[in-house]
Amino acid sequence: AQKVTQAQTEISVVEKEDVTLDCVYETRDTTYYLFWYKQPPSGELVFLIRRNSFDEQNEISGRYSWNFQKSTSSFNFTITASQVVDSAVYFCALSEAGGYQKVTFGTGTKLQVIP
Amino acid sequence: DTAVSQTPKYLVTQMGNDKSIKCEQNLGHDTMYWYKQDSKKFLKIMFSYNNKELIINETVPNRFSPKSPDKAHLNLHINSLELGDSAVYFCASSQDYQSYNEQFFGPGTRLTVL
């Protein structure tokens, strides 16, 4: 069975600080996909990134970067120079290949960026 | 143009009532989903439809009945509402049912059962 753990329930940082959101996953499949979604206070979940299990290259998109390490089953998300608009709940998610897509979400990390 | 829309945004009702939530996507996607998000923000899949056909049915009480009249619409009907049904219900869609597809979410429907 697949499982996603986001141990950090809530994080507060001061604007311009860097922050890393942790995500650890469990799966027996060798092919799977990892996602990050953002849920701002308005409520709608927004897709941020997808990674497949064969691509361990780190990814950077502006102030956002992701570190995927299969050896530790982790897919961590770093925001550099955080801004107030980054305040949201961030979800890490896992989908195993084969069959119909059934995404397992982590419990989310609430990030508060203080001005 | 909203990609995935849900109505109503808020729903307040008494225990025992029956209610429906509607969802529509204009992305041309084949697959749609219903999720329940509880008060602790835990997000769990309930149902998934691919081209009007039910493909995922998680352990959900049979008081919940989804209906997909066409691939752009997925509605959720709930009978005999209970206090524990209070949650935010999200509709989502994806290109198709393949595991690598990202999902596009609606704004959510906050259901409060009194």
Side-chain angles (χ1 to χ4, degrees), chain A residues 1-6 8-11 21 23 25 27 29-55 59 61 66 87-112, chain B residues 2-11 21 23 25 27 29-51 53-60 87-111:
Chain A
Q2 54 194 47
K3 186 179 175 184
V4 177
T5 301
Q6 293 180 256
Q8 303 150 309
T9 310
E10 273 192 60
I11 302 176
L21 311 182
C23 172
Y25 62 91
T27 177
D29 273 18
T30 53
T31 304
Y32 51 88
Y33 301 89
L34 295 162
F35 304 83
W36 276 95
Y37 286 85
K38 174 182 180 180
Q39 186 176 34
S42 56
E44 196 167 323
L45 279 94
V46 176
F47 165 76
L48 293 178
I49 191 172
R50 168 189 49 239
R51 249 325 177 231
N52 76 57
S53 51
F54 297 109
D55 182 3
E59 177 135 354
S61 175
W66 291 270
S87 297
V89 180
Y90 290 88
F91 291 93
C92 181
L94 167 69
S95 179
E96 291 171 341
Y100 300 121
Q101 182 182 94
K102 195 173 120 179
V103 179
T104 296
F105 284 84
T107 48
T109 296
K110 183 175 180 180
L111 174 65
Q112 187 175 16
Chain B
T2 308
V4 182
S5 57
Q6 292 178 230
T7 53
K9 193 161 170 60
Y10 299 97
L11 195 47
I21 307 171
C23 177
Q25 54 96 3
L27 297 166
H29 288 170
D30 286 345
T31 309
M32 295 183 74
Y33 311 82
W34 276 113
Y35 286 89
K36 179 180 180 181
Q37 186 175 46
D38 64 22
S39 57
K40 293 183 178 174
K41 297 284 190 182
F42 183 59
L43 202 59
K44 189 163 177 10
I45 188 164
M46 300 171 69
F47 302 102
S48 176
Y49 271 73
N50 185 66
N51 241 325
E53 209 177 299
L54 180 66
I55 56 172
I56 292 176
N57 185 349
E58 285 297 278
T59 314
V60 177
V88 181
Y89 292 84
F90 284 98
C91 176
S93 72
S94 62
Q95 185 72 50
D96 56 42
Y97 60 76
Q98 297 293 340
S99 300
Y100 51 73
N101 286 315
E102 69 266 33
Q103 295 185 12
F104 293 78
F105 285 79
T109 295
R110 183 174 292 278
L111 171 64

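Below, each value reflects all heavy atoms present in this structure, side chains not excepted, and no hydrogens, waters or symmetry copies. Protein chains get the first letters and strands the later ones, always in sequence-line order, with residue 1 at the start of each.
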Looking at B:Y35, B:F104, B:F105, which hits ring-ring contact (aromatic ring centres under 6.0 Å, His included) with A:Y37? B:F105
Atom [atom1] in [X], atom [atom2] in [Y]: separation rounded to 0.5 Å?
X	Y	atom1	atom2	value
A:S95	B:Q98	OG	CD	9.5 Å
A:F105	B:K41	CZ	NZ	13.0 Å
B:Q37	A:F91	CD	CZ	4.5 Å

Verify side-chain contact (heavy atoms from CB on, under 4.5 Å) between B:F90 and A:L45, making sure each step is shown before the conclusion. CA-CA 9 Å; B:F90 284 98; A:L45 279 94; 4.0 Å; yes
Measuring heavy-atom distances to chain A, does B:L43 have an atom under 4.5 Å in its side chain, in its backbone, in both, or in neither?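 For B:L43, heavy atoms of backbone and side chain both lie under 4.5 Å from chain A.
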Please flag which part of B:N50 lies under 4.5 Å from any non-hydrogen atom of chain A: side chain, backbone, both or neither.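 No part of it gets close to chain A.
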For the [atom1] atom on [X], are there more than 12 heavy atoms of other groups (residues, nucleotides or ligands in this structure) within a distance under 6.0 Å?
X	atom1	answer
B:E53	CD	no
A:R50	CZ	yes
A:F54	CZ	yes
A:K102	NZ	no

Can you name the ring pair (Phe, Tyr, Trp, His ring centres under 6.0 Å) partners of A:F35, sequence neighbours left out?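 With neighbours one apart ignored, the set is empty.
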Could you look at A:Q39 and say if it's the side chain, the backbone, both or neither that has a heavy atom under 4.5 Å from chain B? side chain
With only heavy atoms counted, which part of A:Y32 is less than 4.5 Å from chain B, the side chain, the backbone, both or neither? neither
Audit row: B:K40, A:T107, side-chain contact (heavy atoms from CB on, under 4.5 Å) steps and yes/no: CA-CA 8 Å; B:K40 293 183 178 174; A:T107 48; over 6 Å; no
Where is the tightest heavy-atom contact between A:Q101 and B:I56, given as atom of each residue plus distance? O-CD1, 3.1 Å
Taking all non-hydrogen atoms of both residues into account, name the closest pair between B:S99 and A:A97 and its distance. OG-CA, 3.5 Å
